[in-house]
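One structure is given below, encoded as structure tokens.
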Amino acid sequence: MPTYKYHIALLGGGTIGLSMAALHLRRSDTKVTIYDPRLNIEAEVQATLPTYLTKAPSTSSTSSEPAEGTDIIASLISTNRLTIAKTIQEAVQSANIIQEQSPEIKTSKQALWKEVSLYADTNAHLWSSSSGIAASLQGSLCEPTIKERLLVTHPFNPPHILPLIEIVPGPETLPERMEFAKSYFGDVPGPESNQGGYYRPVVLNKEIEGFVGNRLAFALLREACYLVGEGVVSVEDLDTLVMASLGPRWAGSGVFESYHAGGGEGGIGAFIQKLAPTMNGVWSGLGQVDVSVDGDDATDESWRGTVVKQSEAAYGPSASPESRRKKEVMLKGVVEMQKKCL
Ligand SMILES: NC(=O)C1=CN([C@@H]2O[C@H](COP(=O)(O)OP(=O)(O)OC[C@H]3O[C@@H](n4cnc5c(N)ncnc54)[C@H](O)[C@@H]3O)[C@@H](O)[C@H]2O)C=CC1
Ligand SMILES: O=C(O)[C@@H](O)C(=O)[C@H](O)[C@@H](O)CO
């Protein structure tokens with residue numbers, strides 16, 4: 001039976017967990033164990049993972065065939081590259097990297113790391129895919145030997161396609177653990193190649209709730225909800241506006257680079273100087289919308305009711321599998337184009 005340099009235990013095989021499984025399986029030196037308490041995890045792996053391990057579709061097509069169908073799972077299992085564990089102990093006991101993508105609930109993640117600490121190798125790397133719960137909070141019930149290895153490796157969905165991995169230390173995370181995570185993800189091939197260099201790990205200097213990606217995303221979402229709630233624009237038209245302007249722009253130049261270009265000879269400094277009055281006016285009037293956790297503000301008249309109603313009218317009760325696959329093919333094309341042009 002072949003041996004592998006890395007054995008990753010993925011705790012949580014949901015939306016992110018299964019996408020991460022496809023990401024890690026692109027490294028020929030890595031094998032993956034998935035643990036998930038839900039009863040249908042094996043069926044989910046069989047149904048979902050092959051669609052992520054797809055052949056390289058041409059970007060002109062809107063669908064792509066699973067690589068060798070679902071027998072790819074049988075092959076991965078028979079060569080011991082993929083296993084499904086029944087317990088956390090079974091999943092982590094021989095892993096040298098442990099990555100959780102369990103529900104975004106602080107207490108659940110805290111309990112999970114506490115349980116992991118009972119069985120995991122004392123040198124295993126400990127990663128969390130959390131959208132915004134800091135490593136220091138997740139590891140707060142654990143010993144220093146856990147805290148110094150624990151860090152966040154936050155992806156954008158779907159991680160088997162989108163190249164960002166936001167690497168966020170806790171205050172006690174050792175620098176060498178950060179270096180390893182950055183180097184590991186930097187070497188993961190993309191969906192269409194065998195070489196590394198596809199993923200773009202970004203290391204944050206310190207933790208903050210929501211990290212950077214989601215703070216930016218949620219700031220935009222908050223203003224979008226405000227504008228729809230105030231009746232300034234519809235959900236569909238706001239989405240069109242972003243897809244026809246900021247989206248393509250930011251695929252080629254980030255926030256600062258695009259305004260640096262927009263400032264002309266004086267760069268972003270001149271841009272800020274020229275736009276200061278307008279920027280201050282807009283910034284002082286940005287929407288102040290909050291969302292209640294128990295959903296008691298979800299009346300039809302509220303901004304939340306309007307956003308949900310208009311989104312469902314425009315896009316259906318939820319994104320269909322076909323629409324998800326079309327968007328995935330488009331995402332692959334955008335990232336391909338970036339690789340060619342940047
Ligand atoms: N969905 C998204 O767009 C993104 C989610 N994330 C983060 O990834 C994590 C997982 O999110 P999703 O995959 O969307 O959730 P999900 O609900 O699709 O999957 C979570 C899985 O964890 C399993 N689970 C529950 N308790 C567990 C435990 N104690 N140990 C192991 N597994 C357990 C559940 O059975 C479920 O299958 C969250 O922290 C989320 O913030 C990060 C980036 C994007
Ligand atoms: O947008 C993404 O894919 C990630 O930044 C996220 O963390 C998710 O959107 C998350 O906020 C929702 O689960």
Side-chain angles (χ1 to χ4, degrees), residues 8-24 32-49 52 84-92 95 98-120 126-135 137-139 141 150-168 185 199-202 204 207-222 224-225 242 247 250 291 293 318-319 321 324 327-328 331 334-335:
I8 294 219
L10 292 176
L11 306 181
T15 303
I16 295 302
L18 294 181
S19 182
M20 275 289 182
L23 177 155
H24 291 302
V32 171
T33 296
I34 297 172
Y35 164 76
D36 192 304
R38 58 186 169 146
L39 299 177
N40 69 338
I41 184 61
E42 294 199 27
E44 270 302 295
V45 169
Q46 290 283 359
T48 306
L49 201 46
Y52 294 166
I84 297 172
K86 297 280 186 225
T87 66
I88 288 177
Q89 179 178 356
E90 182 191 339
V92 306
I98 298 164
Q99 183 174 23
E100 72 82 23
Q101 32 290 310
S102 66
E104 187 73 350
I105 303 165
K106 184 184 71 173
T107 51
S108 166
K109 291 185 188 293
Q110 287 173 333
L112 180 59
W113 288 119
K114 192 70 182 162
E115 186 170 359
V116 165
S117 68
L118 302 176
Y119 309 115
L126 307 176
W127 298 345
S128 166
S129 297
S130 174
S131 298
I133 302 174
L137 283 179
Q138 294 191 42
L141 305 180
L150 183 56
L151 54 92
V152 167
T153 55
H154 170 240
F156 263 56
N157 189 22
H160 68 281
I161 295 177
L162 284 182
L164 172 76
I165 301 288
E166 218 173 353
I167 299 176
V168 191
F185 281 102
Y199 284 85
R200 302 171 76 177
V202 171
L204 302 194
E207 59 187 15
I208 186 170
E209 186 175 7
F211 316 134
V212 170
N214 273 337
R215 290 179 75 91
L216 296 175
F218 291 173
L220 183 65
L221 176 62
R222 182 174 185 168
C225 290
V242 170
W250 286 344
V291 59
V293 176
S318 64
R324 285 176 192 275
K327 297 291 183 180
E328 278 190 13
L331 273 182
V334 169
V335 177

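Scope of the values below: all heavy atoms of this structure, side chains included, with no hydrogens, waters or symmetry mates. Just follow the structure's listing: the first ligand is 1, and inside any ligand the first atom is 1.
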Next on the checklist: Between Q99 and I8 (side chain of the first, backbone of the second, donor and acceptor by atom type, cut-off under 3.5 Å), is there such a pair?
Outcome noted: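 Absent.
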Item to check | Exam field: side chain E166 to backbone V212, donor-acceptor pair closer than 3.5 Å | outcome: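 Flag set: sc E166 to bb V212 pair under 3.5 Å.
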State the [atom1]-[atom2] distance between [X] and [Y], to the nearest 0.5 angstrom.
X    : Y    : atom1 : atom2 : answer
E44  : T15  : CD    : OG1   : 9.0 Å
L162 : L23  : CG    : CG    : 11.0 Å
E209 : L137 : CD    : CG    : 8.0 Å
S129 : E100 : OG    : CD    : 6.5 Å
Q101 : L112 : CD    : CG    : 9.5 Å
Q46  : I41  : CD    : CD1   : 11.0 Å

Item to check | H24 and L10: CA distance, side-chain angles, deciding distance, side chain to side chain contact (heavy atoms under 4.5 Å, CB included) verdict | outcome: CA-CA 10 Å; H24 291 302; L10 292 176; 3.9 Å; yes
Item to check | Distance flag for atom 24 (N) of ligand 1, protein heavy atom under 4.0 Å | outcome: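 Given the 4.0 Å cut-off, atom 24 (N) of ligand 1 counts as touching protein heavy atoms.
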Checklist entry - Is atom 14 (O) of ligand 1 in close reach of the protein, with a heavy atom under 4.0 Å away? => result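 Looking at atom 14 (O) of ligand 1, one finds that a protein heavy atom does lie closer than 4.0 Å.
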What is the closest protein heavy atom to [atom], and at what distance does it sit?
atom                    : result
atom 9 (O) of ligand 2  : N214 OD1, 4.3 Å
atom 29 (N) of ligand 1 : L112 CD1, 4.2 Å
atom 3 (O) of ligand 1  : N157 CB, 3.2 Å
atom 20 (C) of ligand 1 : Q101 O, 3.7 Å
atom 11 (O) of ligand 2 : F218 CZ, 3.3 Å
atom 39 (O) of ligand 1 : E104 OE1, 2.6 Å
atom 10 (C) of ligand 2 : S131 OG, 3.3 Å
atom 4 (C) of ligand 2  : H154 NE2, 3.5 Å
atom 3 (O) of ligand 2  : N157 N, 2.8 Å
atom 22 (O) of ligand 1 : P103 CD, 3.5 Å
atom 33 (C) of ligand 1 : P37 CD, 3.4 Å
atom 41 (O) of ligand 1 : S131 OG, 2.5 Å

Could you say whether the N/O atoms of [X] and ligand 1 ever approach to under 3.5 Å?
X    : result
S108 : no
H154 : no
I16  : yes
T15  : yes

Nearest heavy atom to [atom]: which of [options] does it belong to?
atom                    : options         : answer
atom 43 (C) of ligand 1 : P155, S19, G132 : P155
atom 36 (C) of ligand 1 : N214, D36, N40  : D36
atom 9 (C) of ligand 1  : G12, S128, S102 : S102

Checklist entry - How far apart are the C-alpha atoms of W127 and V152, what are their side-chain angles, what is the distance that settles it, and do they pass the side chain to side chain contact (heavy atoms under 4.5 Å, CB included) test? => result CA-CA 5 Å; W127 298 345; V152 167; over 6 Å; no
Next on the checklist: Using heavy atoms and a 4.0 Å limit, tell me yes or no: is K109 in contact with ligand 1?
Outcome noted: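 A heavy atom of K109 does come that close to ligand 1.
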Next on the checklist: If we only consider heavy atoms of S129, is any one of them less than 4.0 Å away from an atom in ligand 1?
Outcome noted: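 Within the 4.0 Å threshold, so yes.
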At less than 4.0 angstrom from any non-hydrogen atom of [X], what atoms of ligand 1 do you find?
X    : result
S130 : 39 (O)
Y35  : 30 (N), 31 (C)
G14  : 13 (O), 18 (O), 19 (O), 37 (O)

Surrounding [atom1] of [X] (heavy atoms of other residues, nucleotides or ligands, distance under 6.0 Å), is the total greater than 12?
X    : atom1 : result
L39  : CG    : no
R200 : CZ    : no
R38  : CZ    : yes

Checklist entry - Would you say the side chains of Q89 and T87 form a donor-acceptor pair under 3.5 Å? => result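 No, T87 and Q89 have no side-chain donor paired with an acceptor closer than 3.5 Å.
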Checklist entry - For S131 and E104, does a side-chain donor sit closer than 3.5 Å to a side-chain acceptor? => result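 Looking only at side-chain atoms, E104 and S131 do not form any donor-acceptor pair under 3.5 Å.
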Next on the checklist: Checking contacts here: is it the side chain or the backbone of A111 that comes within 4.0 Å of ligand 1, counting heavy atoms only? Could be both or neither.
Outcome noted: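 It is neither; nothing of A111 touches ligand 1.
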Item to check | P155 touching ligand 2 at heavy-atom level, < 4.0 angstrom | outcome: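 Contact present.
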Checklist entry - Do the rings of H160 and Y52 sit parallel, tilted or perpendicular, given the 30° and 60° boundaries? => result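 Rings of H160 and Y52: parallel, under 30°.
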